[in-house]
Amino acid sequence: MAIKCKAKMKDGMVEVKALMKHAMETGLRKNSKTGEPIPAHHITEVVCMHNSSELFRCNMGPAISKNPYLSFTVSGPNVGDTLQLSYVDNMGETDSGEAVVK
Amino acid sequence: MKRREFNFRFASIAGLWAGIASGLIPVSALARWPTAAFDTETTEDAANALFGGSEMIETDAITFKTPDIAENGRVVPVNINVGLNNIEEVALMVPENPAPLVSTFVMSNQSNVAVGTRIKMGKTSPLVAVVKADGKVYTATSKEIKVTIGGCGG
């Protein structure tokens with residue numbers, strides 16, 4: 001269950017696209033059979049690292065859709081560099097992925 | 001406080017403490033997640049919690065790419081282009097959602113950035129972006145996105 005990601009050089013900027021697998025429960029929904037609320041379970045932070053420095057960070061709330069898609073542009077990395085992406089959710093679960101800039 | 005709100009907050013707090021107790025969440029990561037801003041109920045409060053009440057300047061430099069009609073409020077694709085220099089943080093908000101702050105994008109002094117994601121929307125609403133760049137706070141509002149089926153559950 002790694003983060004799927006791609007990074008592509010475009011007009012001097014690196015365009016990163018990432019797809020994560022996560023339920024992104026808001027905590028507002030109820031179990032239709034028991035009526036019990038389903039606890040919130042969502043990604044809180046996605047970090048993109050380059051050469052062990054933080055390039056970009058996304059603080060996510062529960063209003064991001066299930067299986068989050070994230071795209072962003074950054075300047076700095078060159079073609080051939082590796083970017084590391086990782087997330088942490090509000091229950092402490094983490095996942096990560098890597099992309100080489102093309 | 002409404003009961004479902006209470007449940008929602010209690011669940012997030014309980015989850016966080018469980019994470020700390022088991023040592024899974026680094027404390028630095030917790031301190032960075034702007035809990036207060038995500039808990040607010042208006043865009044103004046969220047912006048104040050994030051950017052400390054600085055005066056917000058309306059700008060045309062922030063542009064949105066959004067659908068006119070979102071048939072399913074659970075998955076609404078949005079793109080924001082910010083044509084400013086020295087951008088530090090971009091906050092994305094949906095004023096009509098129970099908690100308007102959707103997400104914030106933090107970067108170190110980037111220029112002309114584009115960010116895109118897919119969001120949940122409870123009902124028809126525009127988007128609001130608040131951007132901190134060059135020490136100033138800028139804001140822009142998108143055209144309305146018509147939502148036919150809400151995506152906030154409950």
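Excluded from the calculations below are hydrogen atoms, water molecules and symmetry mates; all remaining heavy atoms, backbone and side chain alike, are included. Below, chain A is the first sequence line, B the second, and so on; all start at residue 1.
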>> Only heavy atoms, only distances under 4.5 angstrom. Which residues in residues 74-84 of chain A are near chain B?
In response: A/V74, A/S75
> Stepwise, does the side chain to side chain donor-acceptor pair (under 3.5 Å) test hold for A/N59 with B/T104?
Replying inline: CA-CA 5 Å; A/N59 292 311; B/T104 76; 2.9 Å; yes
Using non-hydrogen atoms and a 4.5 Å limit, figure out which bit of [X] sits close to chain B: side chain, backbone, both or neither.
X: A/I43; result: neither
X: A/K66; result: backbone
X: A/V16; result: neither

Around atom [atom1] of [X], are there more than 12 heavy atoms of other residues, nucleotides or ligands at under 6.0 Å?
X: B/K143; atom1: NZ; result: yes
X: B/D60; atom1: CG; result: no
X: A/E54; atom1: CD; result: yes

> So A/V47 and B/R32, side-chain contact (heavy atoms from CB on, under 4.5 Å) or not? Walk me through it.
Replying inline: CA-CA 12 Å; A/V47 179; B/R32 295 194 303 184; 4.0 Å; yes
>> So does B/A129 get a backbone contact from the side chain of B/T139, meaning a donor-acceptor N/O pair under 3.5 Å?
In response: yes
>> Testing the basics here: between B/V147 and B/G122, what is the closest heavy-atom pair and its distance to 0.1 Å?
In response: CG1-O, 4.5 Å
> B/V76 versus chain A, heavy atoms under 4.5 Å apart: side chain, backbone, both or neither?
Replying inline: backbone
> Relative to chain A, which segment of B/N112 carries a heavy atom at a distance below 4.5 Å: side chain, backbone, both, or neither?
Replying inline: backbone
>> Let's test your reading of the structure: which of B/L92, B/V106, B/T117 forms the most heavy-atom pairs below 4.5 Å with chain A?
In response: B/V106
>> Tell me which of these, A/S53, A/S65, A/C48, has more heavy-atom pairs under 4.5 Å with chain B than the rest.
In response: A/S65
> Heavy atoms, side chains only, cut-off 4.5 Å: are A/K17 and A/Y69 in contact?
Replying inline: yes
> Between B/W33 and A/N90, is a side-chain contact (heavy atoms from CB on, under 4.5 Å) present by the stated rule, with each step listed?
Replying inline: CA-CA 10 Å; B/W33 199 66; A/N90 65 335; over 6 Å; no
